[in-house]
Number of protein chains: 2
Amino acid sequence: MYTYEYPRPSVTVDCVIFGLDQESLKVLLIQRKHDPFAGKWALPGGFVDMDEPIDQAAQRELEEETGISGMYMEQLYTFGDVHRDPRGRVISVAYYALVNLTAYQHQVVAASDASQARWFAVADLPLLAFDHEKVMEIAVKRLKNKVRYQPIGFELLPEKFALSQLQNLYEMILGRTLDKRNFRKKILKMNLLVELAEMQQGVSHRAAKLYKFDKENYQQLEAKGFSFEI
Amino acid sequence: MYTYEYPRPSVTVDCVIFGLDQESLKVLLIQRKHDPFAGKWALPGGFVDMDEPIDQAAQRELEEETGISGMYMEQLYTFGDVHRDPRGRVISVAYYALVNLTAYQHQVVAASDASQARWFAVADLPLLAFDHEKVMEIAVKRLKNKVRYQPIGFELLPEKFALSQLQNLYEMILGRTLDKRNFRKKILKMNLLVELAEMQQGVSHRAAKLYKFDKENYQQLEAKGFSFEI
DNA sequence: CCAAAAGTGTTACAAGTACACCCATGA
DNA sequence: TCATGGGTGTACTTGTAACACTTTTGG
């Protein structure tokens, strides 16, 4: 067994947890209990254990804050400036996750190192601790880009959804309106949605058809060279 | 001043250095002098110094192996599985760089921890040390994708180039042939190339017009919402 | 004069964009 | 019966794909 004699930085993971409700795209922040930045809002995160892969550390953080496991999560970027943490050299691997807010909103709980956890509109964030403003900026950019070329938007919706919900999602994330007819034409032509027998319930207007995303078919089509694009 | 009492992993950077010559897309590998994996080929890399940003560590590695500085370089992905290095917990932040092989090929020099450094065709790599096969796979995927949506291909060419060189580059990276007339139409319509007075020299056939990439104009167009696409 | 790559337009088809009205439902 | 969002088709414009011959140059 060999060992390294180099001094070592600390390594943390930070999670940008995106959710979507009727009004806007949201992100989950925690209020820090301890210094540095006590009282400030920050992205949930924490240390990577020595016997834990970094992906798993990120999943653990997500679960500690939301109680959700198995959600869509992807590595975002690694932040390694020397002075990004006043306590010393800390390299942070950032992840972003997409969660279905409708189903899980009530479960958000502050972990032990936070005095509270809350959803904030991405367009209206408080000042953030560390370099988390920069992390957010990159996360939003990545989400905007990714959502156009991969069908990850569905992760933000309930399993059964109406086309207008899906369109709304794209409009909120991309920050522009889309033509209803063209949107429907395009998305339905892809054969990625299964029309359900079930209809929207409890609305005071014509009920919409519900659809679900056909993941199996997407994977097959993708293997044959199909590429998703909005 | 605060300190962390957590055990700390080691952090390294690894560099995927891409180059292009007449035949194919290449990558620079070093042959390891020491264990683990002594004698095996690997991506150039090394430890991040405590007072050095990770981006800068990657640039330093690039420069140590190639003598080149200021080349296009971008963070790729961070690899953090527990057993990826037999010596202990080592988290590696991978970068990829694009260099102009025509101009710099002769300058490749093995750094002190390597017995030699050599360019290999990406399509025909030797077995690699650590998890570097996986790193390469992700790097090639990223390059293939990125080159279609951002004008980074030019980084692999000399400053002055013929359209056929550019087309060749895309064909080699994307792994398929492109129609000459359609390619020229598309790329010229973008207004990103400046036609130079100079012509190709020393070829035994009709000399091609030379062009250069108009970076300033690209940035202006991009700011106005233009998006590059091949 | 031959070999080798440079350079050049047109047509057919597919995809994208713009646009306005009737329908179903619950209050 | 009104308010609210659901649902639908067509014409126009733009982009993509397929395709073959002439030009220039050096050897």
Next item on the list: Strictly below 4.0 Å, heavy-atom distances to any atom of DNA chain D: list the hits from residues 182-194 of chain B, or just say none.
Entry: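 Hits under 4.0 Å, by residue number: B/Asn182, B/Lys185, B/Lys186.
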Measure the distance from [atom1] on [X] to [atom2] on [N] and round it to the nearest whole Å.
X	N	atom1	atom2	result
A/Leu178	C/dG16	CG	P	13 Å
B/Gln165	C/dG7	CD	P	11 Å
B/Leu210	C/dA5	CG	P	17 Å
B/Gln201	C/dA6	CD	P	15 Å
A/Asp179	D/dG9	CG	C1'	12 Å
A/Leu196	D/dG6	CG	P	16 Å
A/Phe226	C/dA15	CZ	P	12 Å
A/Glu195	D/dG6	CD	P	15 Å

Margin query: Please tell me whether A/Tyr211 and A/Phe161 form a close aromatic pair, meaning their ring centres lie under 6.0 Å apart.
Written below: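 No; A/Phe161 has its ring centre 6.0 Å or more from that of A/Tyr211.
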Checklist line | Output field: ring centroids A/Tyr77/A/Tyr96 closer than 6.0 Å | finding: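 Ring centroids of A/Tyr77 and A/Tyr96 are no less than 6.0 Å from each other.
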Next item on the list: Output yes when at least one side-chain N/O atom of B/Lys209 is less than 4.0 Å from OP1 or OP2 of C/dT8, else no.
Entry: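 Affirmative; the distance criterion is met.
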If you measure from [atom1] on [X] to [atom2] on [Y], what distance do you get to the nearest 0.5 Å?
X	Y	atom1	atom2	result
B/Phe183	B/Arg181	CZ	CZ	15.0 Å
A/Leu20	A/Leu169	CG	CG	5.0 Å
B/Asp14	B/Phe79	CG	CZ	8.5 Å

Note to self: Strictly under 4.0 angstrom, non-hydrogen atoms only: write out the protein contact profile of nucleotides 20-27 of chain C, one letter per nucleotide from the 5' end, B, S or -.
What the structure shows: B--BBBSS
Note to self: If you apply the rule ring-ring contact (aromatic ring centres under 6.0 Å, His included), what do you find for B/Phe228 with B/Tyr149, and how did you get there?
What the structure shows: CA-CA 5 Å; B/Phe228 180 88; B/Tyr149 303 109; 8.8 Å; no
Margin query: Does either side chain, that of A/Gln59 or that of A/Glu63, offer a donor lying less than 3.5 Å from an acceptor on the other one?
Written below: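 Short answer, no.
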Notebook entry, point to check: For B/Lys186, which residues count as a side-chain contact (heavy atoms from CB on, under 4.5 Å) partner, sequence neighbours excluded?
Noted result: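 By the side-chain contact (heavy atoms from CB on, under 4.5 Å) rule, B/Lys186 matches B/Met190.
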Note to self: Does the plane of the ring in B/Tyr218 sit parallel, tilted or perpendicular to the ring in B/Phe213? Use 30° and 60° as the thresholds.
What the structure shows: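 Aromatic pair B/Tyr218/B/Phe213 classed tilted.
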